[in-house]
Amino acid sequence: EGRELWAVDVLERFEGRGITWGLSECVLVDGPRVIVTPGGRKALVAALDRRDGRTLWTTPALGEDQASHASPILLSHAGRRLIVQCSSHHGFGVDAETGRLLWTVPLRNQYGVNTATPAFATGCVYYVTPYGEEGRCYRLEAAADGGIDARRLWTCSLDTVTGSSIVLDGVLYAGGYKRSKWWFALDWATGQTRSESKDFTTGAAVYADGRLYVFDERGAVGLVGPDGGRMRTVGRFQLLAPGTRDAWAHPVVCRGRLYLRHHDALWCFDVAARETSEP
């Protein structure tokens with residue numbers, strides 16, 4: 001019936017501090033646990049019992065790092081379940097069962113803000129932040145001490161901010177921000193650019209039904225066919241008024257419906273496939 005079962009102020013419990021634009025991660029539900037990133041003195045990451053909110057494990061603080069705006073992802077690699085996330089100054093990974101910190105890599109800019117959620121494929125993790133350490137891909141390798149080494153494979157000049165990245169069939173798709181404010185398809189193995197598209201400015205995308213649904217920061221919405229690294233726009237419309245520069249929410253596709261949000265307005269579009277018949 002929608003009544004509240006429990007509530008936790010994670011900044012208070014783990015002695016974190018509020019950040020400039022407020023905590024905005026999508027919390028991660030992992031079976032009986034809810035994973036949060038308070039970035040506090042008592043926990044960089046914490047697992048809460050989804051039934052009552054009590055603390056199940058914590059990852060110790062990482063220096064003076066605070067939380068940022070990226071969201072954690074859960075993956076399996078080399079027989080282990082891992083949580084990959086960003087703090088204000090690092091990309092990192094922890095053991096999903098215990099919270100043990102397994103690796104860190106630098107991910108710093110002058111604002112102390114990391115917004116793009118990491119991407120993972122074929123044993124490699126990709127982190128990106130503007131103004132500093134831009135696109136960087138790391139191979140995860142078992143370390144002698146039971147941890148994991150993150151060995152850098154390549155770097156690129158992509159400076160994604162709000163839109164994160166999507167990896168499909170050996171290609172990473174993402175939008176640039178300041179240097180090149182349009183879309184790129186990069187070879188996942190090398191970081192080399194396969195193609196570029198200026199049909200949309202920087203923004204976010206979600207993959208569903210063989211297409212990328214793009215929502216750019218100026219309020220344009222489009223369908224893009226990834227086509228093995230060649231981005232082909234197959235449809236678009238303008239959702240928001242001219243002059244918009246802050247459409248930063250990620251699009252969502254669920255059960256044939258496309259959800260788009262801007263500030264306090266939410267739109268829902270029917271994008272379900274339709275049966276066609278020959279005349």
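Every heavy atom of this structure was used, including side-chain atoms; hydrogens, water molecules and symmetry mates were not.
Between Y131 and Y177, the two ring planes are perpendicular [angle over 60°; tilted spans 30° to 60°]. Aromatic ring orientation, Y138 versus Y127: perpendicular (interplanar angle above 60°, classes split at 30° and 60°).
Using a cutoff of 4.0 Å between basic side-chain nitrogens and carboxylate oxygens, E97 and R33 are scored as salt-bridged. Between D30 and R81 there is a salt bridge, since at least one side-chain N of the basic residue sits less than 4.0 Å from a carboxylate O of the acidic one. Salt-bridge annotation for D49 and R51: present, with a side-chain N of the basic residue lying under 4.0 Å from a carboxylate O of the acidic one. Using a 4.0 Å cut-off between charged side-chain N and carboxylate O, K178 and D159 make no salt bridge. With respect to R211 and D209, no salt bridge is recorded, no charged nitrogen being found less than 4.0 Å from a carboxylate O.
Looking only at atom types and distance, the side chain of D246 has a donor-acceptor partner in the side chain of H263 under 3.5 Å away. Side-chain atoms of R13 and T55 form a donor-acceptor pair, as typed in the model, at a separation below 3.5 Å. Of the N and O atoms on the side chains of E25 and T37, at least one donor lies less than 3.5 Å from an acceptor on the other residue. A donor atom on one side chain and an acceptor atom on the other are not found under 3.5 Å apart for E196 and W183. Counting only N and O atoms by type, the side chains of N114 and S68 include no donor and acceptor under 3.5 Å apart. Checking H90 against T104 by side-chain atom types alone, no donor-acceptor pair falls below 3.5 Å.
By the rule that hydrophobic residues join a cluster once side-chain heavy atoms approach within less than 4.5 Å of another member, V214 and I166 end up as members of one cluster.
Aromatic rings from F269 and F237 are positioned such that their centres are separated by under 6.0 Å.
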